[in-house]
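This report concerns only the one structure given below.
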Amino acid sequence: MRVRRLPAAVAAVAVLGLAATGCGLKPASQFAPDVTGKSIQAGSLKGATLSVTSKNFTEQILLGKITVLALKAAGAKVVDKTNVQGSINSRKAIERGEADMGWEYTGTAWITYMGKDKPIPDPQQQYDAVRKADLAQHRIDWLSYAPFNNTYAMAVTGPNAKKYGLKSLSDMKKVPPAQRTFCLETEFYSRVDGFAGMLKAYGIPKPPSGQVKKLDTGVVYDATAKGTCLFGEVFDTDGRIPALHLTTLADDRHFFPIYNPALTVRHSVMQRYPQIADIEKQIAAKLSTKVMRKLNAKVDVEGQEPVLVARDWMKSEGLLE
């Protein structure tokens, strides 16, 4: 990827923010400003009461806040249940009827929720398979998916990439075993599509426990940038990658699944309010990797409030007045 260098002061703010918060993100509040629909039809959901959940990392909270504002602009009363600890808990909230909707990733659903061990490389085919299976098994609808792919990636600093000749995940073998240190978030360490699977796919023996640090998500970025670990597990759409001058290694054996996001909604809710699909489609079409990195950076690097970042972006795209 091309690394975008920020001014030193901004990069310093990023590092200080990560160290201060532990994850580069202040706790998401339930505050939502008053908004009026523009391309989102105002009043189209008047009388509806809907709840929105999300996982507890920046991108998910942003997607959740965008949805809260979109539904509110359409006239619904919205219960904000974003910032839930862990993927499973957020997902179960929808399955149990404790929340009506939340954004999910195709790869996560296919591997983690549906128990498949082989991802489908083609994004459209992966989405179609997930959508069909989730409706049949759990009565959950998948709406239009966004084009960005929030896949896992391994990041290194520029100097370390140059030192060891690191361009792809296959190049990890170039590093002497005793120097292969990893900073990982706990969920990645335990997932089927995570650390152990990646090592197996690339023929790399599991390192001793002392060479693997399990950290909060945001801390991984800072620790990798500081050299605490040689390799850091990151999300490819995260704005801290360019802010901290990290570079990601190409997944040349295509181990990681496609992680296209879509709003998932309980089927009974969609039957009652089918207009949600039109609202979400307008949003999903605008969410490219470039856009998502920019929005993530506004929160994680600049320290802005997620709901205000969401609102300002939606206004700039003509979704809101």
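Keep in mind the model is a prediction, meaning the values are calculated, not measured.
- Ring-plane geometry between Phe182 and Phe195 is classed as perpendicular, the angle between the planes exceeding 60 degrees on a 0 to 90 degree scale with a lower cut at 30.
- Both Tyr105 and Val234 belong to a common hydrophobic cluster when Ile, Leu, Val, Met, Phe, Trp and Tyr are linked at side-chain heavy-atom distances under 4.5 angstrom.
- Taken together through direct or relayed side-chain contacts under 4.5 Å among Ile, Leu, Val, Met, Phe, Trp and Tyr, Val79 and Leu45 form parts of separate hydrophobic clusters.
- Of the N and O atoms on the side chains of Asp128 and Gln124, at least one donor lies less than 3.5 Å from an acceptor on the other residue.
- Environment of CZ in Arg253: crowded, with over 12 heavy atoms of neighbouring residues, nucleotides or ligands closer than 6.0 Å.
- Taking 4.5 Å as the limit, some side-chain heavy atom of Thr224 sits within range of a side-chain heavy atom of Leu246.
- Put simply, the side chain of Asp252 reaches to within 4.5 Å of the side chain of Tyr202, judged on heavy atoms.
- Here the side chains of Asn150 and Met292 are not in contact, with every heavy-atom distance at 4.5 Å or above.
- Minimum interatomic distance between Pro257 and Asn149 (heavy atoms only, all atoms of both residues): O-OD1, 4.4 Å.
- What you find for Ala223 and Leu215 is that their closest heavy atoms are CB-CD1, 4.0 Å.
- A distance below 6.0 Å separates the ring centres of Phe57 and Phe235.
- For the residue pair Thr58 / Asn296, no side-chain donor-acceptor distance below 3.5 Å is found, with atom types taken as modelled.
- Partner of Tyr113 under the side-chain hydrogen bond (donor to acceptor under 3.5 Å, both in side chains) criterion, out of Lys92, Glu104, Gln137: Glu104 alone.
- Both Val175 and Leu169 are members of a single hydrophobic cluster when ILVMFWY side chains are connected at heavy-atom separations under 4.5 Å.
- For the 3.5 Å distance criterion, the side chains of Thr82 and Asp80 qualify, holding a donor opposite an acceptor.
- Residues Ile94 and Val84 are members of separate hydrophobic clusters, defined by side-chain heavy-atom contacts under 4.5 angstrom among Ile, Leu, Val, Met, Phe, Trp and Tyr.
- The shortest distance between side-chain heavy atoms of Glu280 and Thr67 does not fall below 4.5 Å.
- A salt bridge does not link Arg139 to Glu95: none of the charged side-chain nitrogens sits closer than 4.0 Å to a carboxylate oxygen.
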| said: Would Glu187 and Lys55 count as a side chain to side chain contact (heavy atoms under 4.5 Å, CB included) here? Give the steps. | reply: CA-CA 12 Å; Glu187 184 170 318; Lys55 305 170 193 182; 6.0 Å; no

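- With hydrogens and angles left out, the side-chain atoms of Ser39 and Gln282 include a donor and acceptor closer than 3.5 Å.
- Rounding to the nearest 0.5 angstrom, the gap separating the CG atom in Leu320 from the CE atom in Met314 is 4.0 Å.
- A donor and an acceptor atom, one from each side chain of Asp238 and Tyr221, are located under 3.5 Å apart.
- A salt bridge (Lys or Arg N to Asp or Glu O under 4.0 Å) with Asp300 is found for one member of Arg293, Lys294, Arg240 and no other, namely Arg240.
- The minimum heavy-atom distance linking Pro207 with Arg180 is given by the pair CB-O, 4.2 Å.
- A donor and an acceptor atom, one from each side chain of Tyr164 and Gln179, are located under 3.5 Å apart.
- With hydrogens and angles disregarded, a donor-acceptor distance shorter than 3.5 Å links the side chain of Lys81 to the backbone of Glu98.
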